[in-house]
Q: 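This structure is in structure tokens; I'll ask about it shortly.
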Amino acid sequence: MLLKHSSETGMANQASLPPGPPLSPTLALWLPLDFALGAAACCGACVFTNPLEVVKTRLQLQGELKARGSYQRHYRGVLQALWTVARVDGLRGLQKGLSVGLLYQGLMNGVRLSFYSYCEASGFTQAPGGSLLAGAASGALGAFVASPAYLVKTHLQAQTIAAIAVGHQHNHQGVSSAFASIYRAQGILGLWRGVNGAVPRVMVGSAAQLATFSSAKEWVAQKQWYVQDSWLVSLNAAMISSIAVAIAMTPFDVISTRLYNQPVDELGKGRLYRGFLDCFVKVTRKEGPLGLYKGIGPAFFRLGPHTVLSMLFWDLLRQAASKYQV
């Protein structure tokens, strides 16, 4: 049996980061197929949103551990940052880290969707709060597995010429050389450096999305702005949810980016931060509370399209898969 109907509507929630419930009743898919379709849906969205990920990374690293007004601002907002990257690095610069970004999306969402499917099949999501807990746990697992890809993606997206460089420059020659150099210098554990910032980041983002998307969708539907079952209802709900996710997730995202990108010593220990809490304290002390919200503009503009595109691709792929039900 390739597919079976399920009364649950939460499984597709993990199709992206952070994803939303599907537009139609959920189908419980064969786990390897769940992995493949979830990965494909988010990889498709990643192609369109990667430029915003590039400028978000740059904005989060700009003025690292410096007081406001004491450093040169190469990037002053979403549009200006996009223009600056395109002008200096070329149009290809807007897609820096795309290949490893696709690897990250595939691993992250494939693992997360499969794990959530297992929780759903076991009946765990039917318990009070079970769907929320399963979503957070599956997000944490996905973040852990895909952490090396996120590490390399951050390094490559921060990398540029000295005139507009922000944060530490690792000067990798490409994706494969980045993995190889990190492994040679720090061993297998070095590839998971920064994971202590990535796991809470994904868990908080998933929790915020899961808690707001359904209520936002119901509220929009009650307003009767659109015809029944219109895709615009989900579009509006996704954008509302994206605001909550951006507000809740950005501080964790900033800390995660800093932990991943910081230089390390001979023992593989970070030269700037000892860990998640140390990074949080230093950023708020040196850059103020608003330092934790650097890059929130592109973060929001990325989360909205990424959520909507992931949902659309996921829904189309699942419809295609359902035709082969036996």
Q: With sequence neighbours left out, what residues match His74 under side-chain hydrogen bond (donor to acceptor under 3.5 Å, both in side chains)?
A: none

Q: Residues in salt bridge (charged side-chain N to carboxylate O under 4.0 Å, His left out) with Glu287, at least two apart?
A: Arg258, Lys294

Q: Just by distance, do the side chain of Gln169 and the backbone of Ala162 share a donor-acceptor pair under 3.5 Å?
A: no

Q: Just wondering, do Phe300 and Val245 contact through their side chains at under 4.5 Å, heavy atoms?
A: no

Q: As an exercise, state the distance from CG of Leu133 to CE of Met203, rounded to the nearest 0.5 Å.
A: 8.5 Å

Q: Heavy-atom distance under 4.5 Å between the side chains of Val166 and Thr160, does that happen here?
A: no

Q: To the nearest 0.5 Å, how far apart are CG in Asn109 and OG in Ser138?
A: 9.5 Å

Q: Is there a path of hydrophobic side-chain contacts, each under 4.5 Å between heavy atoms, that joins Val152 and Met108?
A: yes

Q: Is it true that, when you exclude Tyr118 itself, more than 12 heavy atoms of the residues, nucleotides or ligands shown sit nearer than 6.0 Å to its OH?
A: no

Q: Can a donor-acceptor pair be found, under 3.5 Å and without considering hydrogens, that links the side chain of Lys96 to the backbone of Pro51?
A: no

Q: Mind checking whether Ile240 and Leu232 sit in one hydrophobic cluster, side chains of I, L, V, M, F, W, Y counted as touching below 4.5 Å?
A: yes

Q: Locate the shortest heavy-atom distance separating Pro200 from Val195; write the atom from each residue and the value.
A: CD-O, 4.5 Å

Q: Are Ile243 and Val254 co-members of a hydrophobic cluster defined by side-chain heavy atoms under 4.5 Å apart?
A: no

Q: With sequence neighbours left out, what residues match Tyr75 under ring-ring contact (aromatic ring centres under 6.0 Å, His included)?
A: none

Q: For Val220, is there any backbone N or O sitting under 3.5 Å from a side-chain donor or acceptor partner on Trp225?
A: no

Q: Is it true that atom CD of Gln222 has more than 12 heavy atoms of other residues, nucleotides or ligands lying nearer than 6.0 Å?
A: yes

Q: Where do Ala143 and Ala198 come nearest, in terms of heavy atoms and distance?
A: CB-O, 4.0 Å

Q: Walk me through whether Val264 and Gln186 qualify under side chain to side chain contact (heavy atoms under 4.5 Å, CB included).
A: CA-CA 9 Å; Val264 296; Gln186 304 164 40; 3.4 Å; yes

Q: Dump the intermediate steps for side chain to side chain contact (heavy atoms under 4.5 Å, CB included) on Leu292 and Thr250, then the final yes or no.
A: CA-CA 7 Å; Leu292 293 171; Thr250 295; over 6 Å; no

Q: Mark yes or no for whether Ser181, through its side chain, and Ala178, through its backbone, hold a donor-acceptor pair below 3.5 Å.
A: yes

Q: Indicate yes or no: at least one non-hydrogen side-chain atom of Leu82 is less than 4.5 angstrom from one of Leu94.
A: yes

Q: In this structure, are over 12 heavy atoms from other groups packed under 6.0 Å from Tyr183 atom OH?
A: no

Q: Can you confirm whether more than 12 heavy atoms, excluding those of Ile161, are under 6.0 Å from its CD1 atom?
A: yes

Q: What's the spacing between Asn50 CG and Cys43 SG if we round to 0.5 Å?
A: 11.0 Å

Q: To check you understand the geometry: which heavy-atom pair defines the closest contact between Ile247 and Pro251, and what is its length?
A: O-CD, 3.6 Å

Q: Between Gly197 and Ser256, which heavy-atom pair has the shortest distance, and what is it?
A: O-CB, 3.8 Å

Q: Is the closest basic N to carboxylate O distance between Arg271 and Asp265 below 4.0 Å?
A: no

Q: Considering non-hydrogen atoms only, spot the tightest contact between Gly101 and Lys153 and give its length.
A: CA-CD, 3.7 Å

Q: Determine which pairs satisfy ring pair (Phe, Tyr, Trp, His ring centres under 6.0 Å) with at least one residue from residues 272-295, sequence neighbours left out, and list them in order.
A: Phe252-Phe276

Q: Quick one: are Trp192 and Ile188 in side-chain contact, heavy atoms under 4.5 Å?
A: yes

Q: Between Asn261 (side chain only) and Leu61 (backbone N and O only), is there a donor and an acceptor less than 3.5 Å apart?
A: no

Q: Between Arg193 (side chain only) and Pro148 (backbone N and O only), is there a donor and an acceptor less than 3.5 Å apart?
A: no

Q: Return the minimal non-hydrogen interatomic distance between Leu259 and Cys279, and the atom names on each side.
A: CD2-CB, 4.1 Å

Q: If I take atom CG from residue Leu156 and atom CG from residue Leu98, how far apart are they, to the nearest 0.5 angstrom?
A: 11.0 Å

Q: Please list all pairs passing the ring pair (Phe, Tyr, Trp, His ring centres under 6.0 Å) test where one or both residues lie in residues 147-166, with sequence neighbours left out.
A: Tyr104-Tyr150, Tyr150-Tyr260, His155-His170, His155-His172

Q: Is Arg58 close to Gln62 at the side-chain level, that is, under 4.5 Å between some pair of heavy atoms?
A: no

Q: Under a 3.5 Å distance rule, please check whether Ser70 uses its side chain to pair with a backbone N or O of Ala67 as donor and acceptor.
A: yes

Q: Just verifying a value: how many Å separate Arg68 CZ and Tyr71 OH, rounded to the nearest 0.5 Å?
A: 6.0 Å

Q: Are Lys66 and Lys286 close enough, and set up right, to give a side chain to side chain contact (heavy atoms under 4.5 Å, CB included), and what steps lead you there?
A: CA-CA 6 Å; Lys66 295 179 181 178; Lys286 294 287 186 179; over 6 Å; no

Q: What do you reckon, is NZ of Lys282 surrounded by more than 12 foreign heavy atoms closer than 6.0 Å?
A: yes

Q: Stepwise, does the side chain to side chain contact (heavy atoms under 4.5 Å, CB included) test hold for Leu191 with Ser147?
A: CA-CA 8 Å; Leu191 292 170; Ser147 184; over 6 Å; no

Q: Under a 4.5 Å cut-off applied to non-hydrogen side-chain atoms, are Lys56 and Asp253 in contact?
A: yes

Q: With sequence neighbours excluded, what pairs up with Trp83 under the ring-ring contact (aromatic ring centres under 6.0 Å, His included) test?
A: none

Q: Quick one: does Gln159's side chain have a donor or acceptor within less than 3.5 Å of a partner on Asn171's backbone?
A: yes

Q: Between Thr84 and Gln80, does any side-chain donor sit less than 3.5 Å from a side-chain acceptor?
A: yes

Q: Counting distance only, does the side-chain N/O of Gln262 pair as donor-acceptor with the main-chain N or O of Leu272 below 3.5 Å?
A: yes

